[in-house]
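Throughout, protein chains are lettered first and strands after them, A, B, ... in sequence-line order, and every chain is numbered starting at 1.
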Amino acid sequence: MEIKISVNVNGKDYVREVEPRTLLVHFLRDTLRLTGTHIGCDTSSCGACTIHVDGIAVKSCTMLAVQADGSSITTIEGLAQGAELHPLQEGFKECHGLQCGFCTPGMIMTAADLLAKNPCPSESEIRHGLEGNFCRCTGYHNIVKAVQYAAEKMGNEVSA
Amino acid sequence: MEEAIEILQNGSYAKVLGGGHSLVPALKLRLNAPETLVDVTRIESLKGIAIEDGTLVIGAANTHHEIATSADVHNTLSFLAKGASAIGDVQVRNKGTIGGSIAHADPSADWPALLLAADASIVIQGADGTKTVAAQDFFTGFFSTILEESDIITQIRIPIPPEGTKSTYQKFVQPASRFAIVGCAAVKEPSGATRVAFAGVSDYAFRDEAVESASSSGASAEEAASKAAEGVSIMSDHYASEDYRKHLAKVYARRALVEVS
Ligand SMILES: Cc1cc2nc3c(=O)[nH]c(=O)nc-3n(C[C@H](O)[C@H](O)[C@H](O)COP(=O)(O)OP(=O)(O)OC[C@H]3O[C@@H](n4cnc5c(N)ncnc54)[C@H](O)[C@@H]3O)c2cc1C
Ligand code: FES
Ligand code: FES
């Protein structure tokens with residue numbers, strides 16, 4: 001039995017029929033073909049699948065698509081403004097915040113939630129805020145720098 | 001609410017879905033296979049946090065994040081906010097709910113110990129109406145509670161303690177999942193009366209009466225903590241052996257008691 005859901009993803013409305021057992025991450029990747037959101041584990045641990053549902057960071061592998069009915073969703077594909085990268089995307093690029101890049105979409109979405117709640121986080125607040133995102137490559141130092149870069153840039157934009 | 005209870009009762013294997021942060025991982029691992037899920041998080045009477053006549057009332061569908069950031073919780077029982085902010089990671093706190101956590105009754109979960117130390121009551125709506133149960137009587141074993149299949153937890157009610165009460169939650173986290181290897185919640189009222197509860201130590205969260213009575217009758221933190229986790233069966237797994245957990249229970253009890261003394 002399929003269930004009809006309506007969601008807004010990155011500013012676009014979609015009405016789709018889904019199997020109730022479909023995970024939100026599979027709906028995004030397989031139905032909407034938004035493959036920027038990654039799946040890195042089977043145990044809700046790695047955070048690679050992090051997206052925003054109604055403005056808060058969630059692991060889309062730990063949510064059923066039907067639970068998102070009526071929600072507004074932002075994925076990594078929704079962050080850049082046309083050709084202009086989001087300050088976090090720019091920060092990860094400038095500060096070498098990635099190596100293989102597998103964890104990056106999730107890292108950026110969690111960091112965006114952190115900066116929305118706390119625009120000037122300390123280093124330890126950044127590390128604490130990213131506890132739900134694992135990176136197998138970078139050792140995290142440059143990820144923290146990338147978030148600091150973005151915080152500074154976004155702060156400057158706000159005060160300018 | 002009526003519709004939810006009716007579906008839960010109607011015969012096919014139905015389960016309540018809260019924030020899904022224990023149930024969905026279990027479904028993915030095929031540890032559970034209900035035919036129907038009833039999402040209760042949009043039921044209005046399960047939302048909201050309020051103070052009513054000296055009682056802090058937390059709707060069962062509040063997320064850990066909502067509780068961690070609630071002014072009413074901070075102003076009355078701030079250790080609950082601290083405990084909530086130590087659960088998992090931000091994504092888990094954004095979805096997981098207090099009602100789901102206590103219904104799941106994971107031995108390493110934080111809410112059961114926090115609510116035992118807070119002397120909370122749990123309001124349950126089921127086929128035969130509504131009942132209120134003390135947290136002490138709610139948890140019955142390893143992942144076990146008194147809940148029946150068609151029961152829905154609607155509220156957690158916590159008496160606001162007298163002025164001058166001190167409380168804390170001290171947690172030793174498993175670094176990957178951030179569940180408690182040992183968590184100790186302690187509340188000390190100005191009269192000296194002390195409640196101490198543990199997460200992560202035994203099959204289910206429990207109040208440690210030996211520690212409580214020593215501390216309530218004036219024993220030092222050190223002395224009272226030395227009595228912790230005696231006479232209970234202690235968990236052992238690949239994170240922490242039985243001896244190590246027992247040692248940690250005493251260490252975390254001491255830290256908690258020092259904090260509230
Ligand atoms: C990576 C990760 C790390 C975590 N770390 C921690 C941690 O450090 N500490 C900790 O305490 N927890 C931790 N958790 C568990 C988390 O707190 C869960 O949110 C919680 O255990 C379950 O709450 P839920 O709302 O997600 O419930 P669900 O997963 O939806 O449901 C769990 C169970 O409760 C039942 N249920 C749900 N709501 C109700 C209700 N209102 N009435 C009756 N039954 C109900 C369901 O039927 C199910 O049996 C972690 C989880 C993950 C994925
Ligand atoms: S894929 Fe690992 S947490 Fe979602
Ligand atoms: S860059 Fe490879 S996992 Fe993070």
**Report entry** Row check, Tyr14(A) ring normal vs Arg16(A) NZ/CZ: under 6.0 Å, within 45°
**Finding:** no
Report task. Among Lys117(A), His128(A), Arg21(A), single out the residue with the greatest number of heavy-atom pairs under 4.5 Å to chain B. Result -> Lys117(A)
Query - Salt-bridge contact Glu35(B)-Lys15(B) (side-chain N to carboxylate O under 4.0 Å) - result: no
Query raised in the report: Relative to chain A, which segment of Leu23(B) carries a heavy atom at a distance below 4.5 Å: side chain, backbone, both, or neither?
Result: neither
Query raised in the report: What part of Leu27(B) lies closer than 4.5 angstrom to a heavy atom of chain A: side chain, backbone, both or neither?
Result: neither
Query raised in the report: In Å, rounded to the nearest 0.5 Å, how long is the span from CD of Glu44(B) to CZ of Arg42(B)?
Result: 11.5 Å
Query raised in the report: Would Tyr13(B) and Asn32(B) satisfy side chain to side chain donor-acceptor pair (under 3.5 Å), going step by step from the backbone distance to the final call?
Result: CA-CA 10 Å; Tyr13(B) 179 30; Asn32(B) 208 327; 2.9 Å; yes
**Report entry** Residue part contacting chain B, namely of Thr62(A), when any heavy atom lies under 4.5 Å
**Finding:** both
Requested in this report: Search all heavy atoms of Ala117(B) against all heavy atoms of Ala197(B) and return the closest pair with its distance.
Outcome: N-CB, 3.9 Å
Query - Distance-only polar pair, side chains of Glu77(A) and Thr75(A), donor-acceptor under 3.5 Å - result: yes
Query - Which portion of Asn94(B) sits near chain A, non-hydrogen atoms under 4.5 angstrom - result: both
Report summary line: Per-residue tally against chain B (heavy atom, under 4.5 Å) across Leu130(A), Asp69(A), Leu114(A) peaks at Asp69(A)
Query - Heavy-atom contact with chain B under 4.5 Å, split by part of Leu23(A) - result: side chain
